[in-house]
A.B. asks: 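Handing you a structure now.
Every chain is numbered from 1, with letters handed out A, B, ... down the list of sequences.
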Number of protein chains: 4
Amino acid sequence: MTDTKNTPLRIAVFGAGRIGGVHARNADAHPAVTLSHLVDPVADAACAALAAETGAQVAGADDVFADDRVDGIVIASSTDSHADLLRRAADAGKAVFCEKPISLDFAQVEEVAEKVQEAGIPAMLGFQRRYDASFRAARDRIASGAAGRLEHLIMQSRDPGPPPAAYVATSGGMFRDTAIHDLDMARFLLDEDIATVYAVGSCLISPELGAAGDIDTLMITLTTRSGRLAQVVNCRRGPMGYDQRLEALCAGEVLFVENRPRTTLRVDTPDGALAPPPENYFIDRFAQAYRDEMDAFASMIAEGTQPLAGMRDGLEAQRLVEAAIVSHETGAAVQISPDWRP
Amino acid sequence: MTDTKNTPLRIAVFGAGRIGGVHARNADAHPAVTLSHLVDPVADAACAALAAETGAQVAGADDVFADDRVDGIVIASSTDSHADLLRRAADAGKAVFCEKPISLDFAQVEEVAEKVQEAGIPAMLGFQRRYDASFRAARDRIASGAAGRLEHLIMQSRDPGPPPAAYVATSGGMFRDTAIHDLDMARFLLDEDIATVYAVGSCLISPELGAAGDIDTLMITLTTRSGRLAQVVNCRRGPMGYDQRLEALCAGEVLFVENRPRTTLRVDTPDGALAPPPENYFIDRFAQAYRDEMDAFASMIAEGTQPLAGMRDGLEAQRLVEAAIVSHETGAAVQISPDWRP
Amino acid sequence: MTDTKNTPLRIAVFGAGRIGGVHARNADAHPAVTLSHLVDPVADAACAALAAETGAQVAGADDVFADDRVDGIVIASSTDSHADLLRRAADAGKAVFCEKPISLDFAQVEEVAEKVQEAGIPAMLGFQRRYDASFRAARDRIASGAAGRLEHLIMQSRDPGPPPAAYVATSGGMFRDTAIHDLDMARFLLDEDIATVYAVGSCLISPELGAAGDIDTLMITLTTRSGRLAQVVNCRRGPMGYDQRLEALCAGEVLFVENRPRTTLRVDTPDGALAPPPENYFIDRFAQAYRDEMDAFASMIAEGTQPLAGMRDGLEAQRLVEAAIVSHETGAAVQISPDWRP
Amino acid sequence: MTDTKNTPLRIAVFGAGRIGGVHARNADAHPAVTLSHLVDPVADAACAALAAETGAQVAGADDVFADDRVDGIVIASSTDSHADLLRRAADAGKAVFCEKPISLDFAQVEEVAEKVQEAGIPAMLGFQRRYDASFRAARDRIASGAAGRLEHLIMQSRDPGPPPAAYVATSGGMFRDTAIHDLDMARFLLDEDIATVYAVGSCLISPELGAAGDIDTLMITLTTRSGRLAQVVNCRRGPMGYDQRLEALCAGEVLFVENRPRTTLRVDTPDGALAPPPENYFIDRFAQAYRDEMDAFASMIAEGTQPLAGMRDGLEAQRLVEAAIVSHETGAAVQISPDWRP
């Protein structure tokens with residue numbers, strides 16, 4: 001764990017909602033980090049409570065960007081604020097750790113990613129699944145060569161239940177909201193350019209989501225330049241709860257990332273052997289991954305360590321998302337190239 | 001188990017190869033069946049040995065069709081003989097249990113299926129996976145309503161290793177040889193017309209298969225008329241062995257059919273907890289399913305019981321196979337209708 | 001599989017009850033065996049039905065022992081008939097495969113075991129668990145040295161539910177009826193003389209069994225001469241069904257023999273992941289083991305192959321049973337030696 | 001979580017070793033607790049480092065007991081200091097959270113437990129397994145009646161490897177060091193007086209431990225007044241690592257507490273399906289349980305909440321330990337009563 005106790009890094013967190021709270025508490029608990037500011041003009045009360053708990057100062061964005069002692073910012077505010085905060089961080093020369101997505105508008109994603117790169121600020125993107133010990137162990141085993149070449153990949157991600165219909169507008173729809181994580185994981189594991197994207201989707205679970213123009217079930221097929229295959233299956237329903245797994249067929253092994261049960265209590269009943277449901281949702285399932293992200297953020301600032309996910313990963317995952325949306329809308333597979341855009 | 005001891009059914013088996021041997025032995029062991037004839041002009045020695053073991057008579061096809069005492073025939077001979085034997089059984093009025101496929105030529109499949117139907121002979125098709133206790137339990141749980149509506153489906157089927165390249169010609173290629181079982185299972189579980197078929201495939205494992213014009217890895221996406229989704233993943237490689245599973249997301253439950261380990265001996269080692277590999281291959285994995293098929297065949301003849309898979313199921317599965325082949329060749333999704341043909 | 005087709009072995013089965021039926025059908029199905037006679041003067045109707053199914057001849061004991069063409073007998077009749085049939089087999093020079101126990105009277109066990117040995121007839125005892133593929137794989141892994149020295153052992157055996165109280169008299173009580181299998185398995189795996197036996201037992205489940213003088217829950221602690229430890233846990237209750245497992249701590253590995261689920265269908269529900277109950281009872285769980293016993297019996301007769309369990313194993317397991325009973329009655333551990341007797 | 005932010009509880013921790021470090025950090029991180037002092041005259045350097053990390057003051061015992069602002073003390077120092085610190089806490093009227101054991105001398109255990117009780121100070125004992133979510137869920141399910149009456153119990157606890165021989169003297173031997181946790185768990189789950197204790201033990205793994213007069217493998221059989229049975233199996237060897245499980249046969253269910261694997265990455269290899277080893281050792285396995293203990297300590301002080309384990313639980317577990325030692329030494333089962341002492 002990064003330890004710069006003598007001169008702790010000063011970090012500001014934008015957003016005092018659920019995920020902002022996670023990052024703020026992790027910054028506070030990190031031995032090498034001081035949580036200096038919290039910014040959330042929308043959620044006053046939550047922001048004040050979080051500040052009281054962590055000892056951070058409630059501040060406005062201008063104060064943060066003007067404060068030379070602030071080393072980095074965490075962008076966990078609403079999606080529509082991400083691009084502007086990234087631009088301001090680039091201008092102010094502050095390291096940035098941004099929750100996905102960069103923007104729901106792909107042109108803006110490209111523009112901001114380029115601006116951040118040109119500014120040369122340390123930047124990482126919040127694909128926390130890359131930091132999860134199990135997903136990471138799968139990737140390391142592939143990257144090390146121990147498993148043999150990854151030939152095909154199946155990823156299942158299911159939420160416990162559908163979000164409210166109002167969520168559609170702010171999330172950009174299911175492809176942008178949920179599939180982006182699996183598409184990023186596909187890139188993380190395959191480590192090769194994607195050649196084609198085909199997507200199907202339906203509204204089978206929540207008529208309210210359908211009325212709002214969204215879907216709740218989707219499948220995306222990817223092929224890489226060399227012909228390797230990946231499948232993403234997403235669903236807004238998980239009868240047993242949050243269900244996030246993958247299966248990677250490699251030349252010498254098959255790797256499975258399974259769910260983590262809440263406890264290890266198994267009950268043998270007349271109906272069979274009952275194992276506990278998985279951890280409730282992403283906040284629980286990825287609690288340690290979020291801590292490791294904060295540590296990676298500190299390491300990136302203090303030591304220049306490359307994060308597992310950077311701005312370009314955010315851009316490329318969103319490119320695949322947009323291609324999937326086009327495929328879903330047209331019914332045709334989309335051939336993509338490094339500069340494809342919707 | 002069907003029991004007609006006083007007047008046992010007389011059954012002839014065509015084909016003395018691996019799967020013919022399975023059916024011949026199961027017929028011999030069935031209390032209501034007498035294995036009367038074995039026919040295999042190609043494999044003389046194997047046929048003689050099997051006859052010696054079972055007490056059946058080695059015969060020619062003409063003898064069998066001319067013998068009024070023969071109640072039914074099992075077609076387990078080479079694929080190119082299936083269509084003709086089905087026609088002769090229809091003409092001779094004999095019940096038939098035919099291994100898949102009916103033919104590699106779809107026009108012939110349609111013609112023979114129609115002829116068999118018009119002849120009105122009892123006919124069943126060898127989709128043995130439908131008879132497997134675990135797959136069948138999944139289907140029964142869906143059909144009963146206990147699991148809620150099936151919304152999406154993922155099927156993985158992996159062979160232990162690739163076949164010799166020479167197999168390509170007789171098998172009709174990977175879609176016709178392996179995907180047909182999963183496509184049939186999709187129909188069995190979804191119980192609804194398929195609307196679109198999209199397929200990708202690659203040769204990643206066996207350059208020999210590739211040189212012979214075949215692939216060894218494929219994914220097929222199906223949508224139904226009502227928008228439900230299914231995914232087929234097939235591979236000619238199974239690092240741990242024969243790997244055949246499915247996962248069915250229903251409104252109230254997720255059903256998983258898992259592999260069956262060879263033994264129940266688990267070994268905890270310094271590297272982790274090692275569970276045994278699955279049963280070696282289809283002959284082992286589906287041993288009981290093949291016995292249950294023979295019993296279903298006897299029941300169909302003696303009591304008119306509907307089998308789990310009939311000629312029409314063979315036809316429809318092959319229609320999906322052909323659509324997948326078209327999709328793979330064109331790169332486009334195929335819209336299908338009840339009378340679609342390649 | 002033993003194959004002596006040209007001169008099949010002629011086997012007579014004594015007892016047409018549940019386990020007698022299993023052995024009779026296995027003899028009938030074995031390619032090297034002819035089931036020549038069935039003897040059961042008590043259960044006339046069952047014996048006649050079994051004879052009709054298998055084609056065996058219903059006979060009296062005298063006929064069997066007088067018939068020179070009978071190569072061996074299977075003793076699956078009531079417990080109180082075992083000793084006398086063993087004596088007659090010894091006198092008649094016929095190979096014998098005897099269900100446990102040899103007798104409920106230990107003095108008689110010793111006398112009969114000695115007589116059989118002196119007669120030199122091929123003799124095997126029905127400890128079918130030794131023939132189960134999983135238990136046997138555990139033993140082979142220990143015997144091969146791969147697992148390192150077995151240091152301690154835990155065996156759990158639970159019946160689905162308590163037997164009727166009337167069963168107490170004929171079974172000789174829970175130690176003689178159920179613990180004998182685990183005590184034999186302890187000997188099979190430890191392969192060393194037992195030094196001490198300590199047993200506790202209670203009637204917690206079935207007051208009827210208690211009223212009849214029996215218990216329904218017991219634990220037995222064994223130590224070997226070299227200080228290795230084994231624990232037997234037996235219970236007349238298995239909430240999920242027949243529950244028969246073991247765990248062997250070896251120097252380099254821990255081996256677990258688990259239950260075998262009825263199917264491989266797992267169901268994820270809001271309450272957790274539900275795996276199927278184990279196979280219903282010993283007839284199902286050990287179906288293949290019983291077939292392998294019959295094959296071992298044929299091999300012993302035809303080729304002189306040593307069976308996995310002989311008369312001496314029956315004697316020694318019963319010695320441990322009697323020591324456990326003494327311990328349970330006195331509350332003290334029992335020091336045993338090779339010639340200890342109750 | 002207990003929250004007394006306005007007037008945080010001031011806690012001193014005795015002992016800056018491994019477990020002292022765990023408690024000190026948990027106290028520091030608890031929102032309602034201030035870690036005021038650290039006391040460890042033996043381990044100066046470790047104490048200073050821990051103080052620097054947590055912001056606590058390094059102090060002597062006299063300072064702590066004289067400081068009226070100290071609400072409670074955590075006793076995590078060497079075993080031989082426990083009894084005296086408990087007496088001083090009783091005299092000073094400070095709440096106490098004491099690691100097991102109270103003392104290696106049973107007479108002293110009785111005397112100190114009585115003194116603490118008479119003083120009326122809030123006191124809890126460090127049986128952290130009671131606070132583990134899985135063991136606790138098992139107990140809650142039993143206590144709620146959902147599982148039916150607990151009838152017998154099997155507990156396996158295996159360390160990854162044997163401790164150095166020097167550890168024997170300070171630990172009091174294997175019964176006092178490891179079996180005490182399982183004996184406490186037996187009391188926790190059975191919730192009834194124990195009637196008999198029988199123990200066997202051997203030195204099979206570490207000749208060094210044997211030379212020092214200790215054992216490394218043991219089994220203890222308990223019976224309760226009503227005849228229920230429990231088995232403790234302890235071993236200084238765990239080939240896959242720290243192995244701590246239990247199995248509780250209840251009238252309606254069997255409850256299993258299993259190990260928690262380090263990750264959820266399963267690897268299917270040609271040798272079988274490999275699941276990850278369990279969490280490395282008690283510090284990892286019980287990380288959350290230790291946090292929950294600290295919270296329970298705060299709740300006990302602030303709100304008078306009964307802890308899951310009190311001084312009397314420490315006393316009674318040690319009584320069973322002493323009885324097991326007597327049984328092991330004499331080879332006889334020990335009848336115990338509420339006032340039994342060695």
Side-chain angles (χ1 to χ4, degrees), chain C residues 147-156 158 195-205 210 215-224 226-241 243 245 247-256 259 327-328 330-335, chain D residues 147-156 158 195-205 210 215-241 243 245 247-256 259 327 330-335:
Chain C
R149 183 173 71 146
L150 169 58
E151 292 167 352
H152 73 255
L153 181 62
I154 307 168
M155 286 163 287
Q156 299 97 326
R158 300 182 182 121
T196 67
V197 180
Y198 174 77
V200 293
S202 296
C203 182
L204 298 169
I205 296 160
I215 55 174
D216 48 36
T217 306
L218 65 83
M219 290 184 175
I220 306 171
T221 306
L222 306 176
T223 67
T224 70
S226 68
R228 299 186 294 150
L229 310 180
Q231 185 64 221
V232 173
V233 178
N234 277 192
C235 186
R236 294 289 198 187
R237 160 130 67 198
M240 192 167 66
D243 184 10
R245 292 170 289 123
E247 171 176 351
L249 187 287
C250 305
E253 298 175 344
V254 195
L255 310 182
F256 294 82
N259 292 314
S327 174
H328 175 233
T330 61
V334 173
Q335 314 278 336
Chain D
R149 185 172 71 147
L150 169 58
E151 291 168 353
H152 73 255
L153 181 63
I154 307 168
M155 285 163 288
Q156 299 97 326
R158 299 184 183 119
T196 68
V197 179
Y198 174 77
V200 293
S202 296
C203 182
L204 299 169
I205 298 160
I215 55 174
D216 50 34
T217 306
L218 65 83
M219 290 184 176
I220 306 172
T221 307
L222 305 176
T223 66
T224 70
R225 300 254 159 241
S226 68
R228 298 186 293 151
L229 309 180
Q231 186 64 220
V232 173
V233 178
N234 276 191
C235 186
R236 294 291 198 186
R237 161 130 67 197
M240 191 168 67
D243 185 9
R245 291 169 289 121
E247 172 175 351
L249 186 287
C250 304
E253 298 175 344
V254 195
L255 309 182
F256 294 81
N259 293 315
S327 173
T330 62
V334 174
Q335 313 279 333

A.B. asks: Check each atom of D:I154 against the heavy atoms of chain C and say whether the ones under 4.5 Å are side chain, backbone, both or neither.
C.D. replies: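 Contact with chain C involves the side chain of D:I154 alone.
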
A.B. asks: Quick one: does D:R149's side chain have a donor or acceptor within less than 3.5 Å of a partner on C:L204's backbone?
C.D. replies: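 Confirmed, D:R149 side chain pairs with C:L204 backbone.
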
A.B. asks: Let me know if D:Q231 has heavy atoms under 4.5 Å from chain C in its side chain, its backbone, both or neither.
C.D. replies: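 Both the backbone and the side chain of D:Q231 come within 4.5 Å of chain C.
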
A.B. asks: Looking at C:S226, C:G331, C:C235, which makes the most heavy-atom pairs under 4.5 Å with chain D?
C.D. replies: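 With the most close heavy-atom pairs to chain D, the winner is C:C235.
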
A.B. asks: Report the distance from atom CD of C:E247 to atom CD of D:E247, rounding to the nearest 0.5 Å.
C.D. replies: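 Between C:E247 CD and D:E247 CD, I get 8.5 Å after rounding to 0.5 Å.
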
A.B. asks: Sort C:Q335 into side chain, backbone, both or neither according to what part of it lies under 4.5 angstrom from a heavy atom of chain D.
C.D. replies: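 Answer is neither: C:Q335 stays 4.5 Å or more from chain D.
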
A.B. asks: Given heavy-atom pairs under 4.5 angstrom as the criterion, report whether the side chain, backbone, both or neither of D:A199 touches chain C.
C.D. replies: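 For D:A199, no heavy atom lies under 4.5 Å from chain C.
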
A.B. asks: Quick check for you: to the nearest 0.5 Å, what is the distance between C:H152 atom NE2 and D:M219 atom CE?
C.D. replies: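 Result: 5.5 Å between the selected atoms.
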
A.B. asks: Restricting to non-hydrogen atoms, name the atom on C:P239 and the atom on D:G252 that form the minimum distance, rounded to 0.1 Å.
C.D. replies: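 Heavy-atom minimum between the residues: CB-O, 3.4 Å.
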
A.B. asks: Non-hydrogen atoms of chain C under 4.5 Å away: do they reach the side chain of D:C250, the backbone, both or neither?
C.D. replies: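 Contact with chain C involves the backbone of D:C250 alone.
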
A.B. asks: Quick check on the interface: out of D:S202, D:A333, D:G201, D:A251, who has the most heavy-atom pairs with chain C under 4.5 Å?
C.D. replies: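 Most heavy-atom pairs within the cutoff with chain C belong to D:A251.
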
A.B. asks: D:D243, D:T221, D:T223: which one forms the most heavy-atom pairs within less than 4.5 Å of chain C?
C.D. replies: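 Maximum pair count with chain C is reached by D:T221.
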
A.B. asks: Heavy-atom distances under 4.5 Å only: say whether D:R228 touches chain C with side chain, backbone, both or neither.
C.D. replies: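 Its backbone and side chain both get close to chain C.
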
A.B. asks: Given the options C:A230, C:A332, C:G148, which has more heavy-atom pairs under 4.5 Å with chain D than any of the others?
C.D. replies: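 Looking at each of C:A230, C:A332, C:G148 in turn, C:A230 comes out on top.
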
A.B. asks: Please look at D:L222 and chain C and tell me whether the side chain, the backbone, both or neither of the residue comes under 4.5 angstrom of a heavy atom of that chain.
C.D. replies: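 No part of D:L222 comes within 4.5 Å of chain C.
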
A.B. asks: Between D:V233 and chain C, which part of the residue has a heavy atom less than 4.5 Å away: side chain, backbone, both or neither?
C.D. replies: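 It is the side chain, since no backbone atom gets that close.
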
A.B. asks: Please lay out, stage by stage, how C:E151 and D:R158 fare under the test salt bridge (Lys or Arg N to Asp or Glu O under 4.0 Å).
C.D. replies: CA-CA 13 Å; C:E151 292 167 352; D:R158 299 184 183 119; over 6 Å; no

A.B. asks: Out of curiosity, C:L249 CG to D:T217 OG1, how far, rounded to the nearest 0.5 Å?
C.D. replies: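 Output value for this atom pair is 7.0 Å.
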
